[in-house]
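Structure record follows, encoded as structure tokens.
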Amino acid sequence: MPELPEVETIARGVNLRVRGDRIVEVWFGGKREPFKTPAARQAKGLEGRSILEVHRTGKHIVCELGAAADRPLDQRGGSPLVECASEPSAQWIVHLGMTGRLLVTTPDAPVAPHTHARVSLMSGRELRFVDPRRFGRLEFRELSRNTGFLAPGADPLSVTAAEFARLFHGRRLAIKAALLNQKILSGVGNIYADESLFRAGIRPRRLAGRLSRAELEGLRLALGEVLRDAIRLGGSSVSDYVDAEGARGFFQLEHCVYQRTGLPCLRCQTPIRRLVLAGRGTHYCPQCQR
DNA sequence: CATTTCACCTGGTGGC
DNA sequence: TGCCACCAGGTGAAAT
């Protein structure tokens, strides 16, 4: 479901509402566990910890966690503000899969179907993970035993022209498939792959390694623009995406090709075509994209 | 090794 | 109304 702009919107919203708060209790439900870390170990690790900051890397939401309240941290007499400046000692990593939501609610808000995690906070708020298709994943990691989590690929918002060109050099797969590969770039999914290729005027089936330097640079700039525009509009709500408060995004109104099969291209009126590439529905304008 | 296909899940939609 | 096929924002394991 959510790609970079949606995950960024959710992470910002959650950060605004829970930063500096403390986890009191954690509940995990559901038959099979959509968890990378077993639920019991995850709950034990989370309970009592402060939330220092929530941010995004790739399509992952990372909650930076401080020490648990009953540990010797208090001996330093640290106020919450001091604590926020301290180093994180653990992380809670949320991947939303296709249909995952991370919501900040009040404890008495109706519990949606497919709610797999409820995290109650000292402020009285609650953080909820809801995911009908259960493709999402929750992971807890101690930073004493692991390094901080970093998405495997380059960040599409800050990648340089030289690095972008190097990432696709010599690759014999379709450029659309390459854009979707999270080990190359982290954060691009089906919507923004199609939309950026349209804006760059490149056909999705072109081989990545055959694109000219100029085409690659055009694609890098188009991708950055699309992602930034989408973040500005709170992401794309195609069916059920909502932010941390349950509000929909508006970038779906700006889509030029995604899910517009048969409709006239907004630039040249040619009907938009659909094909399946890398197992994903792929939309493009046969006239504008070469 | 690089690339492609498919299984993993539930729910919504549109055709008959 | 019911049934069925198909579609969906993602990802890693298995196959090629």
Side-chain angles (χ1 to χ4, degrees), chain A residues 1-11 29-36 56-61 93-102 112-116 129-139 149 151-153 156 166-197 204-210 223 226-227 229-231 233-243 247-262 272-283:
Chain A
M1 154 219 203
E3 307 179 30
L4 186 153
E6 291 76 33
V7 178
E8 177 71 28
T9 302
I10 293 167
K31 310 146 203 166
R32 252 165 296 174
E33 299 177 342
F35 310 130
K36 256 181 138 168
R56 173 198 66 80
T57 178
K59 295 176 189 170
H60 299 260
I61 299 167
I93 298 158
V94 178
H95 192 287
L96 299 168
M98 289 274 263
T99 54
R101 296 179 177 190
L102 193 62
H114 309 292
T115 298
H116 304 299
F129 174 67
V130 182
D131 183 17
R133 287 178 77 177
R134 300 198 310 232
F135 288 171
R137 289 291 175 265
L138 303 177
E139 178 183 3
F149 179 79
R166 186 183 57 75
L167 286 172
F168 296 101
H169 180 77
R171 301 235 176 216
R172 303 197 58 76
L173 78 168
I175 183 62
K176 157 118 181 200
L179 285 171
L180 292 177
N181 184 337
Q182 301 299 296
K183 287 176 183 161
I184 300 176
L185 286 175
S186 293
V188 182
N190 209 32
I191 295 175
Y192 300 101
D194 281 3
E195 292 297 319
S196 61
L197 286 169
R205 276 198 285 218
R206 295 271 307 280
L207 293 186
R210 292 274 184 84
L223 181 58
V226 168
L227 294 174
D229 283 354
I231 290 171
L233 294 180
S236 300
S237 288
V238 172
S239 62
D240 57 5
Y241 157 75
V242 290
D243 69 13
R248 292 167 59 83
F250 293 95
F251 192 73
Q252 66 278 9
L253 304 173
E254 309 281 318
H255 291 176
C256 294
V257 289
Y258 181 75
Q259 286 194 346
R260 293 195 68 249
T261 310
I272 298 301
R273 283 193 199 158
R274 178 185 188 276
L275 55 87
V276 176
L277 201 163
R280 319 298 303 278
T282 298
H283 316 76

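Lettering follows sequence order; numbering is per chain, from 1.
Rounded to whole Å, atom C1' of C:dA8 lies 9 Å from atom CG of A:Asp240. Rounded to a whole Å, the NE2 atom of A:His169 is 14 Å from the P atom of B:dA2. Atom-to-atom, CG of A:Asp194 to P of C:dA8 comes out at 10 Å; the value is rounded to the nearest Å. Straight-line distance from the CG atom of A:Asn181 to the C1' atom of C:dT11: 11 Å, rounded to whole Å.
With sequence neighbours excluded, the residues that form a side-chain hydrogen bond (donor to acceptor under 3.5 Å, both in side chains) with A:Lys176 are A:Asn190, A:Asp194, A:Thr282. Residues satisfying the side chain to side chain contact (heavy atoms under 4.5 Å, CB included) test with A:Ala112, not counting sequence neighbours, are A:Thr115, A:Val130. For the side-chain hydrogen bond (donor to acceptor under 3.5 Å, both in side chains) test, no residue two or more places apart in sequence or in another chain qualifies with A:Arg172. In this view, A:Ser186 and A:Ala151, A:Pro152, A:Gln182 satisfy the side chain to side chain contact (heavy atoms under 4.5 Å, CB included) rule, not counting sequence neighbours. Residues passing the ring pair (Phe, Tyr, Trp, His ring centres under 6.0 Å) test with A:His255, sequence neighbours excluded: A:Phe251, A:Tyr258. For A:Ile184, the side chain to side chain contact (heavy atoms under 4.5 Å, CB included) partners two or more places apart in sequence, or in a different chain, are A:Leu167, A:Phe168, A:Arg171, A:Ala178, A:Asn181. Every residue two or more places apart in sequence or in another chain was checked for a side-chain hydrogen bond (donor to acceptor under 3.5 Å, both in side chains) with A:Glu195, and none qualifies.
DNA chain B contains the following stems of three or more consecutive Watson-Crick or G-U pairs, with both distances under 3.5 Å: B:2-8 with C:10-16, B:10-16 with C:2-8.
Set against C:dG10, B:dT3, C:dA8, the side chain of A:Glu3 has C:dG10 as its closest nucleotide. Counting only heavy atoms from C-beta on, A:Gln259 has its side chain closest to C:dA8 among C:dA8, C:dT11, B:dC8. Closest contact between the side chain of A:Pro132 and the listed nucleotides C:dG10, B:dT4, B:dG11 involves B:dG11.
Across all strands shown, A:Tyr192 has no heavy atoms under 4.0 Å from either base or sugar-phosphate atoms.
For the P atom pair drawn from C:dT11 and B:dC1, the interatomic distance equals 22 Å after rounding to whole Å. Only the P atoms considered, B:dC6 is 14 Å distant from C:dC6, to the nearest whole Å.
Between A:Arg134 and B:dT10 there is a side-chain N or O to OP1 or OP2 distance below 4.0 Å. A sub-4.0 Å separation between OP1 or OP2 of B:dC9 and a side-chain N or O of A:His114 is absent. One finds a side-chain N or O of A:Lys59 lying less than 4.0 angstrom from the OP1 or OP2 phosphate oxygen of C:dT11. Contact annotation: A:Arg137 does not reach the phosphate of C:dT11 (side-chain N/O to OP1 or OP2, under 4.0 Å).
The distance from atom NE2 of A:His95 to atom CG of A:Leu138, rounded to the nearest 0.5 Å, is 11.5 Å.
Contacts between residues 274-282 of chain A and DNA chain C, defined by a heavy-atom separation under 4.0 Å, are made by A:Arg274, A:Arg280, A:Gly281.
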